[in-house]
Amino acid sequence: MPELPEVETTARILKTVLVGKTITSIEIFSKKQFPNDPKLIIGSKITDVDRRAKILVIYLDNNYLLITHLKLTGQLVFAGPGRSTRIVFRFADRSALFFNDLRKFGWIKILKKSQFNIDTFDNLGIEPLSNKFTQNALINIFGKTRRAVKVVLMDQKLIAGIGNIYANEALFLAKINPQRPANSLLEKEIIALKKAIIKVLKDGIKYQGTSADDDAYIKPDGSKGSNQNYLLVYQKAGQKCPNCQKIIKRTTIGGRGTFFCPSCQK
DNA sequence: CTGCGGTCCTGAAGGC
DNA sequence: TGCCTTCAGGACCGCA
């Protein structure tokens with residue numbers, strides 16, 4: 001599933017390819033996933049591509065911009081269409097961008113630039129790779145709630161961009177049990193967790209995202225990322241912990257599959 | 001405040 | 001072989 005590293009990878013690639021292109025037509029096969037009037041942006045030129053949390057932002061040279069959330073199975077790719085193609089953008093140079101989404105949870109919206117502020121949009125929380133992601137900020141966030149630390153990590157209104165894969169991996173690296181109440185974390189554990197979050201996200205970007213077996217994420221050119229080769233616990237229930245060799249367990253926290261080593265993560 | 005369950009959606013997997 | 005049920009999951013919403 002596309003999380004911060006996957007959306008960041010996609011945004012960086014799209015930026016190098018799409019900037020300067022003029023949108024000549026938009027084909028919509030799933031209206032609910034593109035609820036606005038495409039005429040608003042026909043003829044506009046793409047000026048920049050950026051990311052906020054798991055949201056990709058495409059800036060245009062008129063009064064509008066596009067934002068898209070890939071959710072579970074969304075893809076933005078250059079080749080197509082395919083069986084799950086829901087929206088197609090065609091450009092003046094005859095190239096195209098295909099929005100594929102098997103489960104149809106993702107969306108693309110047109111917003112007025114005057115109504116969009118990338119920092120305050122949708123009450124999203126701190127970007128974990130920004131300088132606002134400080135030890136004090138985390139102490140503040142975790143100290144306020146007794147919810148499970150994993151649920152807090154994935155709460156987009158608090159910390160923005162972490163999904164199930166990277167939450168599992170970060171908690172393993174920090175040796176913290178995902179079920180722990182957030183406000184039970186010691187300061188040294190918060191420091192370790194902060195470091196772990198930054199490491200798993202930066203590695204995720206370095207390896208251009210996680211394309212797990214049942215994962216829909218691929219890069220715009222259709223190729224896979226390679227971070228799945230470096231995962232330590234995600235989807236590894238029944239396998240040996242790379243740290244202590246005991247068996248990795250799967251449980252459900254906040255309704256989501258959670259992978260951890262009961263021996264290492266206390 | 002918190003946890004839980006339902007909603008959206010589709011294909012894979014399991015049961016018989 | 002084939003039908004039917006169950007499940008996964010990001011974000012959001014209503015309920016207790």
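Computed from heavy atoms alone, side chains included, the values below leave out hydrogens, waters and symmetry copies. Proteins get letters first, then strands, A, B, ... in listed order; numbering begins at 1 in each.
- Taking atom CG of residue Asn168(A) and atom P of nucleotide dG9(C), one finds them 9 Å apart after rounding to whole Å.
- For Arg146(A), there are no salt bridge (Lys or Arg N to Asp or Glu O under 4.0 Å) partners two or more places apart in sequence or in a different chain.
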Distance-only donor-acceptor hits, side chain of residues 103-115 of chain A, under 3.5 Å, sequence neighbours excluded:
{"unit_1": "Lys113(A)", "atom_1": "NZ", "unit_2": "Leu60(A)", "atom_2": "O", "d": "2.5"}
{"unit_1": "Lys113(A)", "atom_1": "NZ", "unit_2": "Asn62(A)", "atom_2": "O", "d": "2.7"}

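- For Asn164(A), the side chain to side chain donor-acceptor pair (under 3.5 Å) partners two or more places apart in sequence, or in a different chain, are Lys150(A), Asn168(A).
- For the residue pair Glu187(A) and Gln135(A), a side-chain donor N or O sits within less than 3.5 Å of a side-chain acceptor on the partner.
- Under the side chain to side chain donor-acceptor pair (under 3.5 Å) criterion, Thr73(A) pairs with Asp101(A), not counting sequence neighbours.
- For residues 246-266 of chain A, the set of pairs meeting the ring-ring contact (aromatic ring centres under 6.0 Å, His included) definition, not counting sequence neighbours, comprises Tyr234(A)-Phe259(A).
- In this model, a donor atom of one side chain and an acceptor atom of the other lie less than 3.5 Å apart for Lys21(A) and Ser95(A).
- Within the structure, a side-chain polar atom (N or O) of Thr145(A) is placed less than 4.0 Å from OP1 or OP2 of dT2(B).
- Counting to the nearest Å, the P atom of dA13(B) and the CD atom of Gln235(A) are 13 Å from each other.
- With sequence neighbours left out, the side chain to side chain donor-acceptor pair (under 3.5 Å) criterion links Asp48(A) to Lys15(A).
- As a whole-Å value, the separation of Arg147(A) CZ from dT2(B) C1' is 8 Å.
- Grouping Ile, Leu, Val, Met, Phe, Trp and Tyr residues whose side-chain heavy atoms lie under 4.5 Å apart, directly or via other members, places Tyr230(A) in a hydrophobic cluster with Tyr207(A).
- To the nearest angstrom, P of dG10(C) lies 14 Å from CD1 of Ile55(A).
- Taking the salt bridge (Lys or Arg N to Asp or Glu O under 4.0 Å) definition, one finds that Asp50(A) meets it with nothing, sequence neighbours left out.
- Five base pairs at each end of the helix from dT2(B)-dA16(C) to dC16(B)-dG2(C) define two local axes, and these are offset by 60° (rounded to 10°).
- Note: CG (Asp155(A)) to P (dT2(B)) measures 11 Å, nearest angstrom.
- Here side-chain hydrogen bond (donor to acceptor under 3.5 Å, both in side chains) pairs that include residues 117-126 of chain A, with residues two or more places apart or in two chains, number zero.
- Rounded to whole Å, atom C1' of dG9(C) lies 11 Å from atom CD of Glu3(A).
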When every nucleotide of nucleotides 7-12 of chain B is labelled 5' to 3' by its protein contacts under 4.0 Å (heavy atoms), B for base, S for sugar-phosphate only, - for none, what sequence of letters results?
-BBBS-
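- The distance from atom CZ of Phe142(A) to atom P of dT2(B) is 14 Å, rounded to the nearest whole Å.
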Would you mind building the protein contact string for nucleotides 11-16 of chain C? One character per nucleotide, 5' to 3', B for base within reach (heavy atoms under 4.0 Å), S for sugar-phosphate only, - for untouched.
BS----
